[in-house]
Each structure stands twice: as C-alpha cells, then as structure tokens.
Amino acid sequence: AVDYCSELLKNRPTHPYALIWALARGFSIDFDTSRTALEEKLAGDLDFENSFEIDECLVLLNIYLKNNETGKAKKFLGRIKPFLKKGGGAAFGTYWQSRITVAEGNLERAIEYARLETNRNVGRQIKTMVLQEKYLRFKPRRKAVKPLVRHLEKCYRQTGEFEYLMELCL
C-alpha cells in the first residue's frame, strides 16, 4: 500500500486522495514535496466551484497540522474560509478552526467551539476530536477514556450513525 501510494504521489504530488490515504494511515512518505506543490498550485485565485480544489485545500490544511505548522494553517484557513462557507457552510470553517485550536493544545477553547456550534453534527465532531485528543495526551488514560466513551455512546443513541460505534473500538 505504501509503495502504491508513493507511486501515485511521485506521478502527481498534489493527488488529494493519495495524500489523505497516506495521512490517515500514517504512511512514511515525503509530504514536503506535496506540501510545496499544493502551496504553489493554490497560491492563485481559487475556483469556488471546483470540488477537487476543495479537497486539495483540506489536504494542505492536514499537512500543516501534521507538521505542527499551526501558524500556516491559520493563515491558510483565513484565506479559504469564504471557500469553505460556500462548500459546507459556516460550520465547516468552525470545524477546521477547532482542529487548529486542538493542534495548538487549547482543548478548552475547542470544547467551547463545540458548545457554541449551532450545527449539532459539527458540534459532536468537534467534541469527539477534543475528547480523543485528551485520551491520547493524558495519563492515566483510563480516566480520559470514560468521557470519550460516554460521549460516543450518546452520539450513537442520538444519531444512529455507526461511525460513533467504530470510534469506540479504541
């Protein structure tokens, strides 16, 4: 899988789906080449109608966060917020702002974003992200896992979405 992903990125370093795959699976590949290529490609005017370009923007945000480049992520998010609002509503921008806030280590502020979010699905996603981060960061993990499990169970009861059950498979 890593070899095939690397081959896809060698031929097209901005391939958003290969990059998402590599990021999600933690593949050990050279993200710097892709980051530079995406920055160059997205430096000009953005096409708000091009869903492929939206994916490229989101991948670039993910690469910034993977590299702990929260300043670059904030700046880029500020640039593409109108783009995100058009594609997914204001809540989509709030979700990404929360991701950056979590990466900066300000979990309480991110929880506040979740509380204030009027889109309940996005609010649940933000809270899930924060509780997962608490689970990963804090010791003993036993204490941190209980709120996460309760939250995921509640989300499943409220929505019936199986993704919350999958998240319980810690």
Per side-chain contact (heavy atoms from CB on, under 4.5 Å), Tyr113 is matched among Val102, Thr101, Val122, Val130 by Thr101

Which distance, rounded to the nearest 0.5 Å, do you find between the [atom1] of [X] and the [atom2] of [Y]?
| X | Y | atom1 | atom2 | value |
| --- | --- | --- | --- | --- |
| Glu133 | Ile111 | CD | CD1 | 11.5 Å |
| Leu42 | Glu53 | CG | CD | 5.5 Å |
| Ile126 | Leu116 | CD1 | CG | 9.5 Å |
| Lys127 | Leu148 | NZ | CG | 10.5 Å |

Glu167 vs Tyr156, side-chain hydrogen bond (donor to acceptor under 3.5 Å, both in side chains): CA-CA, chis, key distance, verdict: CA-CA 10 Å; Glu167 292 293 334; Tyr156 177 72; over 6 Å; no

Would you say the side chain of [Y] lies within less than 4.5 Å of the side chain of [X], judging by non-hydrogen atoms?
| X | Y | answer |
| --- | --- | --- |
| Leu9 | Phe31 | no |
| Asn119 | Tyr95 | no |
| Thr128 | Tyr164 | yes |
| Leu60 | Lys72 | no |
| Thr70 | Lys74 | no |

Could you tell me whether Glu7 and Lys10 make a salt bridge, using a distance below 4.0 angstrom between a side-chain N and a carboxylate O? no

Is Glu108 salt-bridged to Lys134, cutoff N-O under 4.0 Å? yes

Check the angle between the aromatic planes of Tyr17 and His15 and answer parallel, tilted or perpendicular using the 30° and 60° thresholds. perpendicular

Which is it for Gln158 and Arg120 under the side-chain hydrogen bond (donor to acceptor under 3.5 Å, both in side chains) test, yes or no, and what are the steps along the way? CA-CA 10 Å; Gln158 289 175 341; Arg120 288 183 169 203; over 6 Å; no

